Amino acid sequence: MRIVLLGPPGAGKGTQAVMLAERLKYLHLSTGDILRENVKKGTDIGKKARAFMEKGDLVPDDIVIEMMLDTIKAGAKGKDFILDGFPRTIYQAKKIGTELDNLGMPIEMVVYFETSLKTVVFRLTGRRLCKNCGANYHVVNMPPKKQGVCDKCGGELYLRKDDNEDTIKKRLEVFNSQTKELIDYYKDKGILEEVSGDLDAETVYKKLFGILNDRDKVRN
Ligand code: AMP
């Protein structure tokens with residue numbers, strides 16, 4: 001199945017995408033991760049994207065759309081995948097929708113993670129990532145065994161530059177003004193499902209898994 005995860009920053013999209021992708025052997029395509037990798041490597045995309053990301057603004061549509069289309073065409077043809085954090089504007093949704101329809105691989109399900117402001121701020125300010133493998137931790141909810149060190153690879157953990165209160169506020173404004181309208185857009189297409197992003201990761205995962213099973217039964 002081809003799935004989009006939609007929700008504000010800190011809703012748990014990335015955590016769920018990793019869990020689902022591992023269990024179902026789906027590809028996990030996170031725009032944020034791909035952009036950060038480009039920034040790290042100093043590519044043209046990375047150079048163009050960096051300032052927008054640091055401010056909490058969206059990277060311009062055309063850059064992100066081209067990057068994601070290239071990624072999908074290169075590695076996801078004929079495969080099941082999860083788009084995490086993409087699309088984030090109506091323009092992106094229309095463009096990627098048309099392109100994927102033309103490739104015969106339309107988006108089949110969109111999950112909206114409805115999440116409170118309190119949860120978002122708590123999750124993002126406590127989030128720590130591994131510099132080496134990208135694994136996700138939380139200082140309270142999901143601490144590593146040894147403080148500051150990744151359980152999986154021993155890499156150093158860091159706080160994302162855009163996970164500070166000011167930038168979080170900006171990213172939430174951006175979500176409300178540019179991304180939220182995708183909920184109705186996909187509802188109208190009849191492919192929207194909703195889960196509460198306030199619940200703990202295991203509970204959300206079980207709910208998602210149930211939804212996926214039901215959808216698959218309908219599809220087969
Ligand atoms: P994320 O890791 O999903 O929180 O994304 C981090 C940052 O990457 C965002 O604040 C944006 O600057 C940028 N970004 C990620 N996905 C998109 C997208 N679909 N469109 C535009 N910018 C994006």
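Not measured: the values here are computed from a predicted model. Below, all heavy atoms of this structure are taken into account, side chains as well, without hydrogens, waters or symmetry copies. Counting starts at 1 for both ligands and their atoms, in listed order.
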- request: May I ask you to identify, for V59, whether its side chain, its backbone, both or neither come under 4.0 Å of ligand 1 on a heavy-atom basis?
  value: both
Cationic N near anionic O, under 4.0 Å, K41 to E37: yes
query: Who's closest to atom 2 (O) of ligand 1 heavy-atom-wise, of M53, E54, R36?
result: R36
- request: Report the residues that fulfil salt bridge (charged side-chain N to carboxylate O under 4.0 Å, His left out) with R50, sequence neighbours left out, ordered by chain and then residue number.
  value: E54
query: Taking atom CD of E181 as the centre, does the number of heavy atoms from other residues, nucleotides or ligands within less than 6.0 Å exceed 12?
result: yes
Closest to atom 3 (O) of ligand 1 among K13, Q92, R88 (heavy-atom distance): R88
Heavy atom of the protein closest to atom 4 (O) of ligand 1 (residue, atom name, distance): R160 NH2, 3.1 Å
statement: Applying ring-ring contact (aromatic ring centres under 6.0 Å, His included) to Y186 and not counting sequence neighbours gives none
- request: Give yes if a backbone or side-chain nitrogen or oxygen of D57 is under 3.5 Å from a nitrogen or oxygen of ligand 1, and no if not.
  value: yes
Closest protein heavy atom to atom 14 (N) of ligand 1, given as residue, atom name and distance to 0.1 Å: L35 CD1, 3.5 Å
- request: Could you check T31 against M67 for side-chain contact (heavy atoms from CB on, under 4.5 Å), going step by step and ending with a plain yes or no?
  value: CA-CA 9 Å; T31 359; M67 180 185 86; 3.7 Å; yes
field: Check: G85 N/O within less than 3.5 Å of ligand 1 N/O
entry: yes
- prompt: Looking only at distance, does R127 have an N or O less than 3.5 Å from an N or O of ligand 1?
  reply: no
task: Look at the aromatic rings of Y112 and F175 and report parallel, tilted or perpendicular, splitting at 30° and 60°.
output: parallel
field: Identified side chain to side chain contact (heavy atoms under 4.5 Å, CB included) counterpart of R123 within the set V120, T125, T119
entry: T119
field: ligand 1 versus T89: contacting region, heavy-atom distance under 4.0 Å
entry: neither
